[in-house]
Amino acid sequence: MRNQAATILDHLPDRLASLRESVVVECKLAGGQDGKGRLPEDFWPTYSAFANTEGGIILLGLRERREGFELAGIDNPAKVRSELFNNLNNRQKVSSNLLTDADVEEIDIAGKTLLAIRVPRASRQQRPVHLTTNPFGNTWRRLNDGDRALADEDIKRMLAEQVEDSQDTRILPNFGLRDLNADSLKAYRNIFRADKPDHPWLALDDQAFLQMLGGWREDRASGEIGLTRAGLLMFGQWPAIAEALPLYFVDYQERPRDYAETVQWLDRLVPDGSWSGNLFDFYRRVVIKLTADLKVPFVLQGDTRQDDTTTHKALREALVNALVHADYSGRVSVQVVKEPAGFTFRNPGALRISPSQALQGGISDCRNRTLQQMFLMIGLGERAGSGMSRIVHGWQALGHGLQLREYFDPQEYTVLEMRWSDELLQDGSPNSSVESSVESSVESSVETADKILGLLAEHSTLTLAELAKCLNLSVRAVEKQVARLKAQGRLRRIGPNKGGRWEVSGA
């Protein structure tokens, strides 16, 4: 927000006529009854709203007109400044003072004085910033160009996060080892053993091993012992997870280019009873799907080929990042989307630090620190605030695009978008190697189209992934050919993606 503030204020005299209120800008008259200057009462909802969102600038001394804002000025800015800080330090008025003298600036334009007040984003420990001593009904958030009162549910979530460093350490009463998926825990232990073959925890039984990981805990103060939220989320069975966390849901989708029109996906993974539904198994299944058709250059380390690229690492990191930062009490699901343009990772819950801080790295405030440690113990994820920074640097170093955004309406959630660079083939695959150029010519050939039609005429239930394997092409290449054949009327899909079949014209 401070970079935005500096840009706005640097150009304010020249752009006053075109100034508009936005998610980070609010304008008020502040004239008072005598016209000499007074802090307006509606300043305070905006202060609360900016503090609870991304921060912003409040400009005092502007009169709103139909076509924009008119310079009015403040005759006595010292009086308004004094009133501002007196109220900021009055806990009957507002819960927290986020400002210093440096955040309030007098700006002279055409002989008239404006007050520019920079309101920073409040920290997790300071939120909710509310008016009066009661947060309920007195807490605001900035949406678009207006201040919106927060619902009690959102305020309660802020209050919980204010004092709860990690959500996943809570002990779940009446849940135990019977609620875990034995195969998930066994698979995790096998990976742990392969990564750390001499680790002393390998000799422990499952409960003791879980306790060392943080999946089983004893509360020294209360004496309570049992399975933690982290243990259930990482290794649990779907019915038990849904019972403990009714809003929990994880969703992977692979979408075609025309998804907006068809609303049909090429592949989808959700908890449907056919697998455990826990985070460990979701990670294992999804990471394979995300990286299935990535091209791997032939690189040797010693006598061993290295199949791990910067792209693979960035996608793994992004997936783990979404899982460990999610608020599993939120109403939005964890959603991972793969499409020709790139990848999207969505998790419930706003960021605990600002997007700019997260992208820069160096500051860590993970919502589920035990889950983070569990992934870290098998070589996945990063701590000390370096995870997102590694994603950014690794992805952008390849020339691709990345955005990290928070959304607050109608629910809180965070979205990381990782897009392929503009230097792409039309089908969205990287145009950076001879191999991709060869595949481009193959996938557009009549011969390949005929092979697809021949295979589907004999085996009408083949999936795109199975077709790609048969033809030794990427799924994206097959998707492009299938879309062309459908547009030509030579191929159509009968029924849903799962359980449906292909119909070849004339077959």
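For clarity, every value in this text was computed on a predicted model and none was experimentally measured.
Under a cutoff of 6.0 Å and an axis angle of 45°, R268 and Y252 do not form a cation-pi pair.
Formation of a donor-acceptor pair under 3.5 Å by the Y328 side chain with backbone atoms of L323 is found in this model. Using modelled atom types, one side-chain atom of N278 and one backbone atom of G236 make a donor-acceptor pair closer than 3.5 Å. The closest donor-acceptor contact from the side chain of D281 to the backbone of G277 lies at 3.5 Å or more, if one exists at all.
Using cut-offs of 30° and 60° for the angle between ring planes, the W420 and H400 rings count as perpendicular. In this pair, W44 and Y47 present their aromatic rings perpendicular. The plane angle is above 60°, beyond the 30 to 60° band.
The nearest pair of heavy atoms linking P45 to E41 is CD-O, 3.7 Å. Contact between L247 and S329 at its shortest, heavy atoms only, is CD1-O, 3.1 Å. Residue P135 comes nearest to P128 through the heavy atom pair CB-CG, 4.4 Å, listed as atom of the first residue, atom of the second, then distance.
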message = I391 vs M418, test: side chain to side chain contact (heavy atoms under 4.5 Å, CB included). Steps then yes/no.
response = CA-CA 9 Å; I391 298 169; M418 300 172 67; 3.9 Å; yes
key: Test log, rule side chain to side chain contact (heavy atoms under 4.5 Å, CB included), inputs D195 and I378   = CA-CA 6 Å; D195 190 58; I378 54 173; 5.5 Å; no
request  = For side chain to side chain contact (heavy atoms under 4.5 Å, CB included), just list the numbers for T46 and F43, CA-CA rounded to whole Å, side-chain angles, deciding distance to a tenth of an Å, and then say yes or no.
outcome  = CA-CA 5 Å; T46 302; F43 168 90; 5.9 Å; no
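Rounded to the nearest 0.5 Å, atoms OG1 (T139) and CE (M158) are 7.5 Å apart.
The aromatic ring centres of Y413 and F408 sit 6.0 Å or more apart. The six-membered or imidazole ring of F280 lies away from that of F375, with a centre-to-centre distance of 6.0 Å or more. A centroid separation of less than 6.0 Å is found between the aromatic rings of F235 and Y188.
A salt bridge links K28 and E26; the closest N-O separation between the charged side-chain nitrogens and carboxylate oxygens is under 4.0 Å. Looking at E21 and R142, no side-chain N of the basic residue comes within less than 4.0 Å of a carboxylate O on the acidic one, giving no salt bridge.
Within a 6.0 Å sphere centred on CG of D205, heavy atoms belonging to other residues, nucleotides or ligands number more than 12.
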